[in-house]
Amino acid sequence: MLDLKKVCSNIEVVQESLKKRGQDIDISELISLSEKRRELIVKIQGARTELNRINDEIKIAVSKKDNSLLESRRSELKNFSQNIKDMEKELDKIETEISNHLMYIPNIPHFSVPLGKSSEDNQEIKRWGKKPEFSFEPKNHWDIGERLGILDFERATKIAGTRFAVLKGMGARLERALIDFMLDVHTKEHGYTEIWPPLMVNTKAMTGTGQFPKFREDAFHIEGTDYHLIPTAEVPVTNLHSDEILDSSLLPVKYVSYTPCFRAEAGAAGKDTRGLIRQHQFNKVELVKFAHPKNSYDELESLLSDACSILEKLNLHYRVVVLCTGDMGFSSAKTYDIEVWLPGQNTFREISSCSNFEDFQSRRASIKFRENPKSKPEFLHTLNGSGLAVGRTLVAVLENYQNEDGSVTIPEVLRPYMGGREIIS
RNA sequence: GGAGAGAUGGCUGAGUGGUCGAAAGCACCGGUCUUGAAAACCGGCAGGGCGCUUAGUCGCCCUCGAGAGUUCGAAUCUCUCUCUCUCCGCCA
């Protein structure tokens with residue numbers, strides 16, 4: 001959520017930034033609502049001052065037992081206070097409308113974000129490692145996995161439906177190994193604190209991080225409750241500190257959280273229907289930071305490098321792109337995507353997305369910090385990034401480490417997590 | 001699921017219709033004292049919004065879990081909701 005005051009005093013900047021995102025939102029109504037709000041508040045405050053003054057007279061009348069004065073004031077005030085209540089109802093209506101507007105306005109892109117319309121305009125800023133060379137035609141992960149008996153899509157369909165998978169034997173073990181490996185790296189080498197949160201959250205939490213109200217359709221909802229399956233650990237972990245004021249000496253707060261993620265994938269019909277790439281349920285290790293506004297972009301760079309380190313340890317070829325203004329997520333001010341090389345599909349695929357939300361989420365969820373004990377609380381900056389998407393990492397391992405005979409070599413760093421095993425065959 | 005109790009500032013906790021945005025204690029911050037620290041003493045210390053001819057050690061307004069109601073006036077009375085705790089039952 002943007003700051004109403006800032007929107008009103010920087011109308012052009014906001015309108016311009018919406019255009020950059022390819023959004024055609026007219027904010028003139030919001031501006032006039034804001035004007036109305038201010039006028040009404042001034043009126044109500046004046047009336048209340050008067051009301052409080054007359055009430056003080058009544059107190060005196062009561063203490064002096066002056067009943068005639070008391071009676072005359074009473075009838076006078078009854079209408080007066082009703083009038084105030086009516087104005088307050090009107091104000092409430094206006095404020096609801098204002099928030100309805102603000103909740104649907106995306107974040108303003110950081111000045112360093114390249115201008116563009118779609119993923120075509122994203123800019124590659126880094127490339128690490130080399131494409132692996134094969135003396136044979138590399139296969140898709142679903143072919144590799146099904147032949148090894150470690151991936152089963154058909155039976156998953158039977159018990160749930162499309163966009164689900166069953167991992168079996170060494171497949172399930174590899175998934176678990178990846179989770180464990182990632183958590184160990186981030187907690188032991190990068191200083192993140194591990195969090196195991198609820199996998200279902202309420203509407204308030206979903207609104208705090210920006211999923212709701214605009215993207216309600218993307219989440220699974222438990223009927224008859226206010227519980228929603230989390231689409232990412234970002235939601236519970238960021239909201240961990242909602243309605244809190246943190247001491248600035250604690251910043252940055254760094255959390256890592258492995259959770260399953262649930263996405264309805266509404267609007268993705270026909271996309272990535274085969275394989276593990278796009279599932280209704282997948283595992284992800286998520287990095288979340290609460291940072292001081294003055295260095296949140298440095299924190300974004302280190303978050304990105306923390307995520308990249310996992311791919312480097314696994315020796316997987318990848319590139320990093322900066323998302324352009326038109327391709328960025330709703331809440332983000334700047335996003336890097338990490339894309340891993342998938343030889344079976346002869347392409348780079350997103351495996352992590354690292355964003356700085358600045359104060360967009362912290363304003364919604366009310367997460368503040370205090371510079372020193374005497375200063376006013378300010379909104380801090382929130383960041384997060386996948387470190388990494390586990391299912392897609394498993395895909396990358398299968399496709400990059402496949403052998404001609406259909407077996408898959410286990411990357412060295414994972415072997416301790418696989419009981420010392422070197423190969424899946 | 002059944003029965004009961006409760007929700008007040010960073011924390012503990014007083015407050016049952018007006019002078020209460022709120023006692024007291026703890027924590028924290030500043031000061032006096034001290035070679036330094038502690039103790040003691042003094043002072044400060046909730047969040048949000050609006051205004052301004054003086055942008056301030058400024059003025060005003062709101063907020064005692066949330067919402068609605070009674071009343072001239074609600075932390076205090078009534079109703080609804082949410083959450084927490086205790087006991088019993090059930091259960092991974």
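In what follows, every chain begins at residue 1, and chains take the letters A, B, ... in the order their sequences are listed.
Residues A/Arg216 and A/His221 form no side-chain contact, since every pair of their non-hydrogen atoms from C-beta on lies 4.5 Å or further apart.
Electrostatic pairing of A/Lys36 and A/Glu97 does not count as a salt bridge here, judged by no charged N lying under 4.0 Å from a carboxylate O. One finds no salt bridge joining A/Lys85 and A/Glu88 here, because no Lys/Arg side-chain nitrogen approaches an Asp/Glu carboxylate oxygen to under 4.0 Å. A salt bridge does not link A/Glu265 with A/Arg163: every distance from a Lys NZ or Arg NE/NH1/NH2 to an Asp or Glu carboxylate oxygen is 4.0 Å or more.
Straight-line distance between the C1' atoms of B/G30 and B/A23: roughly 24 Å, to the nearest whole Å. Rounded to whole Å, the P atom of B/C33 lies 16 Å from the corresponding atom of B/C42.
Rounded to whole angstrom, the span from the CD atom of A/Glu35 across to the P atom of B/G49 amounts to 17 Å. The separation between A/Glu39 atom CD and B/G51 atom P is 10 Å, rounded to whole Å. Counting to the nearest Å, the P atom of B/C20 and the CG atom of A/Asp56 are 12 Å from each other. Distance CG (A/Asp243) to P (B/A7): 20 Å, rounded to an integer number of Å.
In this structure, A/Arg38 does not reach the B/G49 phosphate: none of its side-chain N or O atoms is under 4.0 Å from OP1 or OP2. Between A/Lys368 and B/G48 there is a side-chain N or O to OP1 or OP2 distance below 4.0 Å.
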Could you write nucleotides 59-85 of chain B as a row of B, S and -, 5' to 3', where a protein heavy atom under 4.0 Å of any base atom gives B, of only sugar-phosphate atoms gives S, and otherwise -?
-BSS--------BBS------------

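In this structure, A/Arg53 reaches neither bases nor backbone, as no heavy-atom distance under 4.0 Å exists between it and the strands shown. In this structure, A/Lys376 reaches the sugar-phosphate backbone alone: every heavy-atom distance under 4.0 Å involves primed, P, OP1 or OP2 atoms, never a base.
Checking A/Tyr258, A/Phe181, A/Tyr192 one by one against A/Val285, the side chain to side chain contact (heavy atoms under 4.5 Å, CB included) holds for a single residue, A/Tyr258.
Positionally, the nearest nucleotide of RNA chain B for A/Pro377 lies more toward the 5' end than for the other of A/Pro377 and A/Ile41.
No more than 12 heavy atoms of other residues, nucleotides or ligands shown are found within 6.0 angstrom of CE on A/Met200.
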